[in-house]
Each structure stands twice: as structure tokens, then as C-alpha cells.
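Step one of this worksheet: look at the structure below.
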Amino acid sequence: MSGSLARATAEAYLAAVNAVDLDGLIALFTDDAVLEHAFGTFAGTDAIRAFYAENVLAFTPQVTSSDWLEQGRTVTFHLEASVDGAVSHTVDHLTVDDAGLITHLEVGFR
């Protein structure tokens with residue numbers, strides 16, 4: 001792990017997804033965070049919580065990451081998610097505030 005605050009938060013994000021820890025995952029976001037995903041834009045922790053509960057963690061994915069690019073309070077990485085043998089690939093772009101909480105997460109499928 002590098003010393004970047006954004007990467008440390010991203011790695012905590014990955015760990016929370018792998019642990020199916022919804023509360024731990026949501027604790028990584030600011031109250032007014034925005035998640036942009038192919039399923040829509042979700043603003044605020046209530047909307048983000050519902051998105052992850054219904055569309056991600058309900059399927060118990062296992063995720064891995066690669067190809068990290070860090071710059072200041074942002075980090076971009078490839079994410080591979082596996083659910084019951086099916087694999088999806090995304091490029092995630094995450095921005096954190098000074099406290100290391102996610103203010104914006106953009107998930108693009110590749």
C-alpha cells in the first residue's frame with residue numbers, strides 16, 4: 001500500500017465489499033457523497049446504502065484491484081468483481097476529502 005490517503009480509503013472500500021460489511025462501507029462516505037454508476041447517480045448516504053444493499057452486497061461479490069493511479073486526493077483503479085463464477089470489470093475513480101472520506105465515486109464498466 002502506498003501512503004496516499006485516497007488509496008488507503010479505496011483499500012478499506014475493497015475490504016468492506018469483500019467482507020459484505022454495509023455499515024463499514026457506508027462509513028467511508030461523506031453524508032453528501034455522490035456515486036455515479038451505470039444504474040444511475042446516487043447522492044447521499046441513504047441512497048448509496050440502498051444501492052449497495054440491493055445491487056452489490058446482496059450478491060456477495062469478491063473483488064480484487066489492479067493498475068492503481070494516484071494523484072492527490074483521487075485514485076483510479078481497475079476492479080474485478082466475481083459473483084458465482086461470473087466476472088465483471090470496472091474502472092473506479094474515487095475522490096476523498098481531507099479526512100479520507102469518499103466524496104465522489106465513479107464506477108465505469110469496461
Side-chain angles (χ1 to χ4, degrees):
M1 178 171 97
S2 87
S4 144
L5 185 59
R7 179 147 180 182
T9 300
E11 289 179 348
Y13 167 86
L14 296 169
V17 170
N18 282 332
V20 191
D21 179 3
L22 183 58
D23 290 335
L25 180 64
I26 298 308
L28 296 171
F29 289 85
T30 62
D31 290 341
D32 60 350
V34 174
L35 167 65
E36 293 184 63
H37 188 276
F39 292 172
T41 299
F42 305 88
T45 52
D46 289 342
I48 293 169
R49 174 183 288 279
F51 168 79
Y52 277 101
E54 297 167 12
N55 299 296
V56 178
L57 299 184
F59 301 98
T60 318
Q62 288 301 294
V63 297
T64 58
S65 59
S66 63
D67 302 322
W68 292 84
L69 176 63
E70 302 170 59
Q71 185 173 11
R73 293 187 303 155
T74 65
V75 64
T76 303
F77 55 96
H78 290 155
L79 185 140
E80 180 178 294
S82 178
V83 175
D84 296 329
V87 177
S88 63
H89 298 271
T90 66
V91 176
D92 291 23
H93 182 79
L94 181 147
T95 303
V96 299
D97 65 8
D98 290 337
L101 296 177
I102 300 167
T103 60
H104 187 257
L105 174 58
E106 189 173 348
V107 178
F109 284 84
R110 58 181 187 113

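Heads up: numbering here begins at 1 and tracks the sequence.
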Can you check side-chain contact (heavy atoms from CB on, under 4.5 Å) on L25 and I48, steps first, answer last?
CA-CA 10 Å; L25 180 64; I48 293 169; over 6 Å; no

Report yes if the side chains of D21 and D23 come closer than 4.5 Å at any heavy-atom pair, otherwise no.
yes

For A53 against A58, the heavy-atom pair lying closest together:
O-CB, 3.3 Å

Between S4 and G72 the two heavy atoms that sit nearest each other are OG-O, 4.4 Å

Taking the side chain as C-beta and beyond, is there a heavy-atom pair between T76 and E70 under 4.5 Å?
no

Quick check for you: to the nearest 0.5 Å, what is the distance between H104 atom NE2 and D32 atom CG?
11.5 Å

Are L14 and I102 grouped together when hydrophobic residues (ILVMFWY) are joined by side-chain heavy atoms under 4.5 angstrom apart?
yes

Counting N and O atoms only, with roles assigned by atom type, does the side chain of N18 sit under 3.5 Å from a partner on the main chain of V63, one being a donor and the other an acceptor?
yes

Report the distance from atom CD of E106 to atom OG1 of T95, rounding to the nearest 0.5 Å.
9.0 Å

Looking at every heavy atom in both A12 and L28, which two are closest together, and how far apart are they?
C-CD1, 3.7 Å

Given side chains that start at C-beta, do those of Y13 and L105 come closer than 4.5 Å, heavy atoms only?
yes

Check: T41/E36 side-chain N/O donor and acceptor closer than 3.5 Å
no

Linking I/L/V/M/F/W/Y whenever their side-chain heavy atoms sit closer than 4.5 Å, directly or via other members, would V34 and V75 fall into one cluster?
no

Determine whether H37 and F51 satisfy the following criterion, ring-ring contact (aromatic ring centres under 6.0 Å, His included), listing intermediate values before the conclusion.
CA-CA 10 Å; H37 188 276; F51 168 79; 4.8 Å; yes

From CZ (R49) to CG (L35), nearest 0.5 Å
14.0 Å

Cluster link L101 to Y52, ILVMFWY, side chain under 4.5 Å
no

With distance as the sole test, does T9 use its side chain to make a donor-acceptor pair with the main-chain N or O of G100 at under 3.5 Å?
yes

Between D67 and F77, is a side-chain contact (heavy atoms from CB on, under 4.5 Å) present by the stated rule, with each step listed?
CA-CA 5 Å; D67 302 322; F77 55 96; over 6 Å; no

Show the numbers, then the answer: is there a side-chain contact (heavy atoms from CB on, under 4.5 Å) between V87 and E80?
CA-CA 7 Å; V87 177; E80 180 178 294; 3.4 Å; yes

Just to verify, which of V91, D92, T90, T64 counts as forming a side chain to side chain contact (heavy atoms under 4.5 Å, CB included) with H78?
V91

Consider only side-chain heavy atoms of I, L, V, M, F, W and Y, link residues closer than 4.5 Å, and tell whether L94 and F39 are in one cluster.
yes

Mind running side-chain contact (heavy atoms from CB on, under 4.5 Å) on L57 and V17 for me, showing each step along the way?
CA-CA 7 Å; L57 299 184; V17 170; 4.2 Å; yes

Heavy atoms, side chains only, cut-off 4.5 Å: are R7 and W68 in contact?
yes

